[in-house]
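Everything on this sheet refers to the single structure shown next.
Protein chains get the first letters and strands the later ones, always in sequence-line order, with residue 1 at the start of each. Hydrogens, waters and symmetry mates are skipped; everything else that's a heavy atom, side chains included, is used.
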Number of protein chains: 2
Amino acid sequence: MDTKTRIIEIATKLFQQKGYIGVGLSEILKACNISKGSLYHHFPNGKEELLIACLESLNDVITQDIENIFNQYPTTKEAINAMIDQLIVHFETEGTIAGYTFSSIVSEMASLSEPVRHACSLLYAKMQSIYTNKLVEDGFSTEAAESLALTMVATVEGGMMLCLTQKSSFPLKTISLVVPNLLQEFQN
Amino acid sequence: MDTKTRIIEIATKLFQQKGYIGVGLSEILKACNISKGSLYHHFPNGKEELLIACLESLNDVITQDIENIFNQYPTTKEAINAMIDQLIVHFETEGTIAGYTFSSIVSEMASLSEPVRHACSLLYAKMQSIYTNKLVEDGFSTEAAESLALTMVATVEGGMMLCLTQKSSFPLKTISLVVPNLLQEFQN
DNA sequence: GTCTATAATACGATAGAC
DNA sequence: GTCTATCGTATTATAGAC
């Protein structure tokens, strides 16, 4: 694997775990086992350019990963439960939820850097669109599907926050039981 | 107002806006118009002690504020809509959602500082308990009330994140329309 | 209780050798 | 393409005068 790709992969994980300001360049260099000069060769505009590259790479990963799950299950209800289950397993084995959440980056950077805010916005939109498409397949109206998809993205994101805070997967487990009821209500 | 209280009030706002690592001591000193010596007199253990004091103070503010709203409306459905409306107004006038969200602090600090994680956990628990009590008043079973309250806290928190990312209050507006349906379903 | 001065360190970024 | 050395400037924290 080439250096640039390796930097992006490692930095993505670090940014998700500790946020943008929380990760120093030195930490990234150490984790990648490269020097400062090498990093600035691949990312001339430094740390912010690297972050945006990470968010764009994350967009591809999330798209593939979530779409894989959503293709395996016939209904949105089953698919989202499978997705939450995967988040729970990841949280219980790794202790963190790197992979789908980047809320710390949003909170820190949304008001500071417009390019970063935009990249985050695309990520949320991507997840939401996968949910929406599946819900339309399920027979929901486009309008209902979009509202529900947005709400589910918000609920899962907030649920991960609660898991992190409580050091427990209980919040996401509860949410995976409650969310199907939300879909049920709309279907009636 | 005494200095210590003023430091806590100003620092709380800054921490909520930019996160813990995002706010330097110097920025806090400038905003409070005090010197470094004064701050370390009131908080001998420095920045982290100040953050925890802020989170504890926030606990009181949120409790009062949310309970006020919840006492004004007969049902949880109306109360939570009023609460979300208040968040939307705040977001549209101030551009940020300082007051109820501290997700950046959670993301940054949950794995780094156990005292901070615990203080954040108490805050979420407080909000959840207010929701739960109201839902029980509404006639929900304790178990259903707790699950729904947790889900609503997560959904609102995630919704604020989406508003921040999209620079729009649309996500919370959508959520305030969807959430009542969730309560409806459980009530049946 | 508040101040200034200082310490020690970490930050992101740049220059230039190889 | 990768390296080391260096530059300013941030950071948190401490010591001691008033």
Please identify each residue that fulfils side-chain contact (heavy atoms from CB on, under 4.5 Å) with [X], with sequence neighbours left out.
| X | result |
| --- | --- |
| B/S104 | A/S107 |
| B/E94 | B/H90, B/T96 |
| B/P74 | B/E78 |
| A/T63 | A/N59, A/E67, A/K126 |

Exercise for the section: Please state whether the phosphate of C/dT2, meaning OP1 or OP2, lies under 4.0 angstrom from any side-chain nitrogen or oxygen of B/T3. Expected result: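 Answer is yes, contact under 4.0 Å.
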Problem - Phosphate OP1/OP2 of D/dC3 contacted by A/H41 side-chain N/O (<4.0 Å) - result: no
Just the rounded figure in Å: distance from [atom2] of [N] to [atom1] of [X].
| X | N | atom1 | atom2 | result |
| --- | --- | --- | --- | --- |
| A/I7 | D/dG1 | CD1 | C1' | 11 Å |
| A/I21 | C/dA10 | CD1 | P | 18 Å |
| B/E48 | D/dT12 | CD | P | 13 Å |
| A/L39 | D/dC3 | CG | P | 11 Å |
| A/E49 | C/dG12 | CD | P | 15 Å |
| B/F43 | D/dT12 | CZ | P | 15 Å |

Handout entry: Pairwise salt bridge (Lys or Arg N to Asp or Glu O under 4.0 Å) hits with a residue in residues 16-32 of chain B, at least two apart
Key =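 Sorted pair list: B/K18-B/E27.
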Problem - side chain to side chain donor-acceptor pair (under 3.5 Å) against B/T165, all qualifying residues, sequence neighbours excluded - result: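 Expected list: none.
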Problem - Where at least one partner belongs to residues 52-84 of chain A, residue pairs that pass ring-ring contact (aromatic ring centres under 6.0 Å, His included), sequence neighbours excluded - result: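 Listed by first then second residue: A/F70-A/Y131.
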Problem - Residues in contact with DNA chain D, drawn from residues 23-35 of chain B - heavy-atom cutoff 4.0 Å - result: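 By residue number: B/V23, B/G24, B/L25, B/S26.
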Listing time: all N or O pairs from protein to nucleotides 14-18 of chain D that are below 3.5 Å?
none

Practice task
Return the nearest nucleotide to the side chain of B/K47; candidates are D/dT12, C/dA13, D/dG1.
Solution key: D/dT12
Practice task
Considering only NZ, NE, NH1 and NH2 on the basic side and carboxylate oxygens on the acidic side, decide whether A/E108 and A/R117 come within less than 4.0 Å.
Solution key: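 No.
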Exercise for the section: Supply the atom-to-atom distance A/I7 CD1 to A/I28 CD1, rounded to the nearest 0.5 angstrom. Expected result: 9.0 Å
